[in-house]
Structure formats: structure tokens, C-alpha cells
Amino acid sequence: MGGYELVRSDDAAGAAPGRDLESGAGASSKAAPPSPAARQPRLVSLDVFRGITVLLMIIVDDAGGFIPALNHSPWDGVTIADFVMPFFLFIVGVSLTLAYKRVPDKLEATKKAVLRALKLFCLGLVLQGGFFHGVHSLTFGVDLAKIRLMGILQRIAIAYLLAAICEIWLKRDDDVDSGLDLLRRYRYQLFVGLVLSFTYTILLYGIYVPDWEYRISGPGSIEKSFSVKCGVRGDTGPACDAVGMVDRTLLGIDHLYRRPVYARTKECSINYPENGPLPPDAPSWCQAPFDPEGLLSSVMAIVTCLIGLQFGHVIIHFEKHRGRITNWLIPSFSMLAVAFLMDFVGMRMNKPLYTISYTLATAGAAGLLFAGIYTLVDVYGFRRPTITMEWMGKHALMIYVLVACNILPMFIRGFYWRDPNNSLLKFIGIGA
């Protein structure tokens, strides 16, 4: 999230390129080299893509509650909302390629990547760990015994760090004249992606999930206990999947997200696919915490980021627009085809589990959308219609913190004159 500055390498920023690789046009060999202080031009289409993703995130957060088509899928299948997280991860991967285009000191670059990832993880822990409880109560503070350990920014931080390390250390010096040359040059990164994918798939379908129990606070602070019967292997349902079991074991059930997406399934909601009262015969797992950004599922989030890296490499090694677009479209369509084939044979697209079919489908869609935006913005120069999206893309992290994490709504409602109803909302004509 955010502009290049979030993942930018200071060493890469000061390097003087021989060509304007990010614009698709070659520079004259007789031209004077740019000064070290000169900034490289931004890839405008990447900012626009990031801005569109931010806007989609805001729409999903605000309208998803009453428009099911804009809300996350309750379990299997994908909706528009389920593309937001993979798009951000894909963009981070592309940005990393540009940030670490030249790395004179690998150890120093690694230290900076670790520090940035740690800062992003801690920011996510504060914003999504429970410190801000809501717009209406304006209370703060969190019981460390029940703090949510994972979240959106935490997942991005983990994926960013692993992808950055791969980009710094796992690339060769082979010449690149074709798509196959690109695969050879970055074969170790591709190998890491394949290992992560196979490892995740083996764990998802191979871990034995035993019966388990959990407790929640009911009316009057009375605790209720529930027992979930499993004793299975390879189940990908909400109750007995390996992803939830790993998070409950390693993180602890008290540190997981307490509003699981599967609360809107047919089994758990009378108002399916919206939130609603529990049916009389609701299964015992309906109210159990489940983290959609958990540990095991974050393995495939790293793979999405690594795929973004490969799309960024196309920008670095191919100067012509046609070469770039061709080398984006072929893998994008290929990933979509494989994803739908996997879904057809039973390896369902599932965002909470971040399945391999979901990874390929969303990464393929991200590649197609990026290629389309690049064609319109950087090839044909449609800058004016996308200026708002470009601005949002440059300030994505700030917008996320202010809007998606309720900081701005809390500020607007938090200051009033004598009566809480006399807040800034009334001043600007909302709720008057």
C-alpha cells in the first residue's frame, strides 16, 4: 500500500539509469547522465491501479454491509471485495521490483526492508489489534490477552519482507531478450513461489484436524462453551479446515478475528448472504473466531507478491510497450485458465483460506487490469480522467489509515459543542 516510497530502496532511488525503463522509451546514449538527486519518473499506471484498489476498498467497506454483491464471499467463491487484498499484494510486488532495481549493498537493503516491514506490522497491530473500538464509543485500549495479532497490514508486511528478500538476493545476471530468458534469470524466485504453493497445499489437505472447543461471552457477560466435532483430514469447510486449526494452535483463539465471514453462510444466518440472527439449528462453529489474515493462509499471500515481482521484472527488462503488454497478458490468461480448472475439479476459490486457485485467479485478474491501465495511461496518455485515482494511489496508506481504520470518522464524531449531536457531521449537513 502507499506509493513507491513505502517500499522504495534508497540505493535504488539514487542510481542513474541509462534508459527511462519505466516509461517504455529509450533515452539517447549521448544525453548527459542524470544527477544523483534526480528522481526517476513514476510509473503512473501503477499509482492509478493502486488508487482504483483503494477506492474499491472504501466502497466495499461502506456498501458491502447492505449490498451482498459488494461484500466478501461468505466462504467458497469470490466477489468484487475478494480482489482487494490480492490487488494490494500484487502492487507491492511490482513496486518492489522498481525499488530494488539496483542494490549496491544487499545487507543494507535487507536491513531497511526488515525495518520497513516491522514498522508496517506494528502499525497494523495498533490499527487492527483492537486499540480503536469503534466510531460511536470513542473508547480505546485493548486487553493484550485478547489482542488480534494478524490483520491486513500485518499480512502485507510479511509478504513484503519475503518478496523483498527474494528480490535482493535471488536474482541472477542472465541477459533477458525474451520471456523464457526472464524465467531463467529469476528462476530461484519462481522456485520459492512453487515451494510455498506446494507446501501450503500439502498442509491444507494433509493436516489432521481434531475436535476443538471455544468460549464466547454471551448476554450479561456469561461465557458460553461450544464443542466442534471434526476428526478429519483435508476438509476445507469453515469448521474443520487446517488454516483455522493452525491459527488456533499457534496464535491462540483469543487472538483471532471475532467477526468471521462465515457468519453470513446459510448455516449461520437467517438473512443469508447478509448478517442475521442464528438459525435455531445453527452448527456450533458459527460464532467461533476465525482470522481471514491468518498465518497459514499468509503463505499464499507471499506467492501473490512474488507474482507481482515477475510482472515488475517485465518493466525493467522490456523497453517496448508491446513487449511488456504481451509478457503480461500471456501469464495472466494462463493463471486464470488454471484457476478455473482447479475450481472445476474441486479446489475451490476461497478467500479466507487463500487457496491456490484463488491466488491464481486474483493474480491473473490483477495482471489483466494492470495491463489495461498501463495501455490507457502510459501508452495512450489518458492522464486527466485518472488524476483522482493517481492521487489516491500516491497516498494509499494515509487513506487506509484515515478511512478504513475509522480514524477520520472518529475524529469527525469526536469533537462537538456541548451536545454530542452537535458534531462536525451536523456542521457539514449530515445527520442534521
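Residues L125 and Q154 are in side-chain contact: their nearest non-hydrogen atoms beyond the backbone lie under 4.5 Å apart. With contacts defined as side-chain heavy-atom distances shorter than 4.5 Å, the pair R233/V209 does not qualify. When side chains are defined from C-beta on, Y160 counts as touching R116, because their heavy atoms get closer than 4.5 Å. You'll find the side chain of L296 stays beyond 4.5 Å of the side chain of L250, heavy atoms only. Contact annotation: the side chain of L170 never approaches that of R187 to less than 4.5 Å [non-hydrogen atoms, C-beta and beyond]. Side-chain contact between L182 and Q310: absent, with no pair of heavy atoms (C-beta onward) separated by less than 4.5 Å. Contact annotation: the side chain of F121 never approaches that of L161 to less than 4.5 Å [non-hydrogen atoms, C-beta and beyond]. V192 places none of its side-chain heavy atoms less than 4.5 Å from the side chain of Q189.
Of all non-hydrogen atoms in V78 and M349, the two that sit nearest each other are CG1-CB, 4.1 Å. Residues I316 and L98 approach most closely at CD1-CD2, 3.8 Å, considering heavy atoms. When every heavy atom of T326 is checked against every heavy atom of P331, the shortest pair comes out as O-CD, 4.4 Å. Closest approach of A263 and S269 over heavy atoms only: O-CB, 3.4 Å. Shown here for A396 and V54, the closest heavy-atom pair between the two residues is CB-CG2, 3.6 Å. Closest non-hydrogen pair, G77 versus D82, comes out as O-OD2, 3.9 Å.
Atom-to-atom distance recorded for N327:CG and L183:CG is 9.0 Å, nearest 0.5 angstrom. Atom SG of C230 sits about 10.0 Å away from atom CE of M245, to the nearest 0.5 Å. With values rounded to the nearest 0.5 angstrom, L360 atom CG is found 5.5 Å from M342 atom CE. Here the CE-CD1 distance, from M85 to I152, works out to 5.0 Å after rounding to the nearest 0.5 Å. How far CG of L309 is from OG1 of T97: 4.5 Å, rounded to the nearest 0.5 Å. If you take CZ on F344 and OG on S357, they are separated by 14.0 Å, rounding to the nearest 0.5 Å.
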(Q) Checking L70 against T79 for the side chain to side chain contact (heavy atoms under 4.5 Å, CB included) test, could you report, in this order, the C-alpha distance in whole Å, the side-chain angles of both residues, the deciding distance, and whether it holds? (A) CA-CA 7 Å; L70 295 178; T79 65; over 6 Å; no
Q: Begin from the C-alpha positions of F88 and M57 and carry the test side chain to side chain contact (heavy atoms under 4.5 Å, CB included) through to its verdict.
A: CA-CA 10 Å; F88 274 127; M57 175 193 68; 4.2 Å; yes
Q. Under the side-chain hydrogen bond (donor to acceptor under 3.5 Å, both in side chains) criterion, do W212 and S227 qualify, and how do the steps go?
A. CA-CA 6 Å; W212 54 282; S227 178; over 6 Å; no
Q: Check the pair T201 / M347 against side chain to side chain contact (heavy atoms under 4.5 Å, CB included), numbers first and verdict last.
A: CA-CA 10 Å; T201 303; M347 301 178 69; 4.1 Å; yes
Q) Given L203 and V299, is the side chain to side chain contact (heavy atoms under 4.5 Å, CB included) satisfied, shown in steps? A) CA-CA 11 Å; L203 293 176; V299 170; over 6 Å; no
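Counted within 6.0 Å of CG on L251, heavy atoms from surrounding residues, nucleotides or ligands total more than 12; the atom is thus considered enclosed. More than 12 heavy atoms of other residues, nucleotides or ligands shown are found within 6.0 angstrom of OH on Y205. Applying the 6.0 Å contact sphere to CG of D175 captures no more than 12 heavy atoms from other residues, nucleotides or ligands. Surrounding CZ of F198 are at most 12 heavy atoms belonging to other residues, nucleotides or ligands under 6.0 Å away. A 6.0 Å sphere centred on CZ of F382 holds no more than 12 heavy atoms belonging to other residues, nucleotides or ligands. Atom CZ of R215 sits in a sparse spot, with 12 or fewer heavy atoms from other residues, nucleotides or ligands closer than 6.0 Å.
No donor-acceptor contact under 3.5 angstrom links the side chains of N350 and T355, judged on distance only. Donor-acceptor pairing under 3.5 Å is recorded for the side chains of Y186 and H317.
Ring geometry for W328 versus Y374: interplanar angle over 60°, hence perpendicular rather than tilted (30 to 60°). Note: F49 and F370 have parallel aromatic rings, judged against thresholds of 30 and 60 degrees for the angle between ring planes.
For F311 and F90, the ring centers sit closer than 6.0 Å to each other. Taking the six-membered ring for Trp, Y354 and Y358 have ring centres closer than 6.0 Å. Annotation: W285 is not in aromatic contact with Y214 [ring centroid separation under 6.0 Å not met]. Less than 6.0 angstrom separates the ring centroid of W75 from the ring centroid of F290.
The main-chain N or O of R348 is never found under 3.5 Å from a side-chain atom of D76 such that the two would form a donor-acceptor pair. A donor-acceptor pair is defined here as one N or O able to donate and one able to accept, closer than 3.5 Å; such a pair exists between the side chain of D181 and the backbone of S178.
Take R264 and apply the side-chain hydrogen bond (donor to acceptor under 3.5 Å, both in side chains) test, not counting sequence neighbours, and it matches no residue.
Salt bridge R184/D174: absent, no basic N to carboxylate O contact under 4.0 Å.
Of the listed residues (T304, L306, V84, T359), just one forms a side-chain contact (heavy atoms from CB on, under 4.5 Å) with L89, and that residue is T304.
Applying the side-chain hydrogen bond (donor to acceptor under 3.5 Å, both in side chains) rule to pairs touching residues 290-300 yields R148-D291, R148-E293, R155-S297, R155-S298, E293-K351, sequence neighbours excluded.
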